There are 2 protein chains.
Amino acid sequence: MARKSKTQSDRPTLVDVAREAGVSAITVSRTIRSPDIVSERARNKVEEAIRKLGYTPDPAASALASRSTSTIGLLVPSLTNNVFADVLRGVYEGVEGTRFFVQIGNYRYSALSEEGLIRNFLSQRPAGLIVSSMDQTPAGRKLLEEAPCPVVQIMETSPGAVDMSVGFDQLEAVRAAARHVAECGYRRPGFLSARMDPRAQRRLGAFREEAAANDMLDEARIITTPQPSSVGMGRHLLEQLLARAPDTDAVICNNDDLAVGALMEAIRRNIAVPEQLGICSYNDIEMARHMVPALSAVATPRREIGRRAIAMLLAEIEAPGSVTERHIDLGYELVARESTAPR
Amino acid sequence: MARKSKTQSDRPTLVDVAREAGVSAITVSRTIRSPDIVSERARNKVEEAIRKLGYTPDPAASALASRSTSTIGLLVPSLTNNVFADVLRGVYEGVEGTRFFVQIGNYRYSALSEEGLIRNFLSQRPAGLIVSSMDQTPAGRKLLEEAPCPVVQIMETSPGAVDMSVGFDQLEAVRAAARHVAECGYRRPGFLSARMDPRAQRRLGAFREEAAANDMLDEARIITTPQPSSVGMGRHLLEQLLARAPDTDAVICNNDDLAVGALMEAIRRNIAVPEQLGICSYNDIEMARHMVPALSAVATPRREIGRRAIAMLLAEIEAPGSVTERHIDLGYELVARESTAPR
DNA sequence: ACACAAAATGATTGCGCTGTCATCAGCGCG
DNA sequence: CGCGCTGATGACAGCGCAATCATTTTGTGT
């Protein structure tokens with residue numbers, strides 16, 4: 001207990017390094033955190049000692065003393081969803097090589113557990129937070145507003161963002177899909193959607209508006225399920241759609257899984273795509289373009305969202321207030337391929 | 001500086017709660033960590049005080065004092081790969097509701113950066129570690145052997161596992177695929193593989209053996225690339241294969257992306273699957289069974305691997321040495337569907 | 001050579017919690 | 001009625017680092 005740490009079988013500490021290098025502990029701390037304010041002589045000695053002892057800083061002690069960590073919290077509603085898998089990749093690309101690391105919280109599309117996770121993350125004094133929606137509970141929102149760290153909300157555009165945001169106009173993107181289908185000459189489009197979280201609801205709303213504007217809204221052609229999205233679900237939903245409205249001539253799918261599933265179901269039934277049935281997907285993951293026929297889709301910048309979110313966060317962490325462009329709209333792109341065609 | 005923490009604008013501490021509840025700080029600590037050794041009276045008072053003050057423990061202080069965290073490190077070679085996405089889901093399912101949380105490290109199929117990540121994670125005093133291979137550098141392996149926490153190696157079966165392991169026999173699984181193709185009567189099978197990490201290499205080796213045993217090994221039909229796997233890559237590799245060996249009558253793909261890509265390329269070229277070309281996939285992600293034709297595949301227990309790995313880890317953390325079954329073989333399953341058929 | 005600013009370094013203290021013992025109350029039992 | 005025992009509680013120190021302020025060294029201009 002009273003032994004000097006040197007005698008402990010444990011890892012070396014700052015003090016051990018300091019002794020080895022013949023400097024004070026704080027100098028060691030400084031050569032690690034801001035080498036430029038330490039003389040070259042001292043720096044060399046310290047670095048040598050660190051190498052010799054195999055020293056690595058204890059993040060817990062650092063966090064306690066400095067009252068902040070190198071953790072960036074990332075809240076996503078799902079791990080299953082390909083969309084967030086892509087966002088995640090972008091995020092990890094962005095943190096790679098920095099001193100930060102990411103911790104993922106999955107709130108499973110439950111605003112309540114999202115609130116819990118926010119509370120939980122915040123209690124860890126994170127360096128920054130990325131959250132995947134604007135749909136927090138009032139308490140959750142308040143926590144974010146008062147968070148002692150930068151916060152980036154992703155996926156959608158700014159209205160109501162707490163601090164910073166990166167995304168695109170999801171509603172406009174869906175409208176673009178509906179418009180595209182209408183412009184191709186399809187007159188009786190359906191809409192398939194799984195997992196009806198608030199964002200999916202809003203997208204459906206946007207579809208309704210745009211369809212109505214083109215005088216082709218028919219509630220019977222809107223098929224949704226609260227269950228998770230999957231290729232199998234896409235097949236199932238198309239099956240339902242065709243049972244309820246056999247004369248449907250196009251279908252907009254709320255994501256790629258569903259679109260692939262719908263396409264496969266159409267092929268099984270010998271329904272010609274795009275002639276008898278147009279299919280337009282949402283998000284455009286890599287496989288969509290390789291299907292036969294290749295899927296038309298609204299491409300969304302998922303990976304880029306992750307990258308930019310991290311970039312903003314890091315900039316703001318290094319120099320609070322330095323980020324001037326606090327709300328980024330990355331846009332979307334309608335990519336017409338073979339699964340829709342002018343008729 | 002000399003102010004009592006009460007005056008600080010900051011969050012309440014253990015001491016604040018203790019004062020509020022009229023007990024000592026350590027009692028508060030105990031009611032949080034092991035409520036059963038605290039009298040009911042004290043527990044109630046403390047819980048009340050915690051609620052009143054909105055206290056949350058500071059994990060950094062806890063980690064420093066107790067010399068251990070609630071972090072579980074998860075090292076994966078890729079975030080893009082669907083296989084690890086599934087493992088990840090299993091892992092997150094497993095930690096949900098526990099006091100632990102997962103931190104992911106992506107070593108991008110580089111044993112060297114894996115070593116760095118191991119070092120890095122270990123310096124955080126994790127509660128446990130999950131690593132996705134047996135292919136560490138010698139130094140990396142040594143670190144794992146001496147790790148002061150339980151370690152689970154996943155994906156493969158035990159030979160050479162450092163501590164615990166969960167996986168299945170990858171080589172036997174590939175052999176099963178080759179055998180299946182042979183049993184269907186295909187005589188000139190090819191093999192497509194992307195991202196030739198050590199595991200992929202070994203699988204290719206197993207294919208070679210089994211193919212040779214069935215007298216149908218032809219090096220010209222083995223097409224690999226160091227690049228990442230994707231559906232597009234699957235199309236590309238099949239294209240190469242057919243250019244080099246047009247009489248190929250079946251193809252075993254090292255994962256589902258490639259298989260889907262190969263299938264799509266075959267469809268584009270009007271090659272009848274399974275009649276002219278049999279396709280057998282590896283892993284069997286959800287979409288594989290929904291393709292037209294449905295893909296035959298060796299199904300691997302990815303999600304279950306994640307779940308079991310966490311389960312073992314948590315058991316071992318709670319009671320070191322309590323886990324008796326330290327090497328779990330979850331097996332695989334050959335699922336014959338439409339993309340292969342007896343001829 | 002000297003004064004003075006700037007740069008480099010150091011001593012001290014405390015972050016919030018838990019490990020380790022010591023203490024104390026309550027209880028059954030001879 | 002006091003003994004020892006168990007279960008509950010507390011006092012104290014220290015985990016390893018960084019903030020703060022004090023001190024020393026170095027460099028600069030005249």
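No experiment lies behind these values; they were computed from the predicted model shown. Note on naming: letters A, B, ... go to the chains in the order of the sequence lines (proteins, then strands), and numbering restarts at 1 for each one.
- Here D:dC17 presents its P atom at 15 Å from CZ of A:Arg99, a figure rounded to the nearest Å.
- Whole-Å rounding puts the B:Arg41 CZ to C:dG26 P distance at 10 Å.
- Projected onto DNA chain D by closest heavy-atom contact, B:Ala61 and B:Asp36 fall at different nucleotides, the more 5' of which corresponds to B:Asp36.
- The separation between A:Ile37 atom CD1 and C:dA6 atom P is 16 Å, rounded to whole Å.
- Here the CZ atom belonging to A:Arg303 is positioned 14.0 Å from the CG atom belonging to A:Leu330, to the nearest 0.5 angstrom.
- Rounded to an integer number of Å, the gap from B:Arg19 CZ to C:dC17 P is 13 Å.
- Looking at B:Thr137 and B:Glu115, their side chains do bring a donor and an acceptor atom within 3.5 Å of each other.
- Nearest to the side-chain atoms of A:Ala42 among the listed nucleotides C:dT9, C:dG16, D:dT9 stands C:dT9.
- Considering only residues two or more places apart in sequence or on other chains, A:Thr27 meets the side chain to side chain contact (heavy atoms under 4.5 Å, CB included) condition with A:Val23, A:Ser24, A:Thr31, A:Val38, A:Ala42.
- Rounded to 10 degrees, the angle between the two end axes of the helix from C:dA1-D:dT30 to C:dG30-D:dC1 is 30°, with five pairs used at each end.
- Taking atom CG of B:Leu14 as the reference point, atom C1' of C:dT18 lies 9 Å away to the nearest angstrom.
- The shortest non-hydrogen separation linking B:Phe100 to B:Ile72 is CB-CD1, 3.9 Å.
- Between the CZ atom of B:Arg67 and the C1' atom of C:dT20 there is a distance of 13 Å, given to the nearest Å.
- Nearest to the side chain of A:Ser66, among D:dG14, D:dA18, C:dG19, sits D:dA18.
- Of the candidates C:dC15, D:dG16, D:dA18, D:dA18 carries the atom nearest the A:Arg33 side chain, counting heavy atoms from C-beta on.
- A heavy-atom distance below 4.0 Å to DNA chain D is reached by these residues of residues 23-32 of chain A, ordered by number: A:Ile26, A:Ser29.
- Taking atom CG of B:Asp16 as the reference point, atom C1' of C:dC17 lies 13 Å away to the nearest angstrom.
- Donor-acceptor pairing under 3.5 Å is lacking for the side chains of A:Ser68 and A:Arg125.
- No donor-acceptor contact under 3.5 angstrom links the side chains of B:Ser39 and B:Arg43, judged on distance only.
- For the pair B:Glu40 and B:Arg125, both in contact range of DNA chain D, the more 5′-proximal nearest nucleotide belongs to B:Glu40.
- Judged by distance alone, the side chains of B:Tyr109 and B:Asp135 never bring a donor and an acceptor atom under 3.5 Å apart.
- Among B:Met164, B:Met134, B:His327, the single residue meeting the side chain to side chain contact (heavy atoms under 4.5 Å, CB included) criterion with B:Gln153 is B:Met134.
- The minimum heavy-atom distance linking A:Thr56 with B:Ser123 is given by the pair OG1-CB, 3.6 Å.
- Listed nucleotides C:dT9, D:dG16, D:dC15 differ in distance to A:Val38; the shortest reach to its side chain belongs to C:dT9.
- The CZ atom of B:Arg11 sits 14 Å away from the P atom of C:dC15 (whole-angstrom rounding).
- Remark: the A:Gln136 side chain and the A:Glu114 side chain contain an N/O donor-acceptor pair separated by less than 3.5 Å.
- Comparing C:dT18, D:dC17, C:dG16 by their closest approach to the side chain of A:Leu64 singles out C:dG16.
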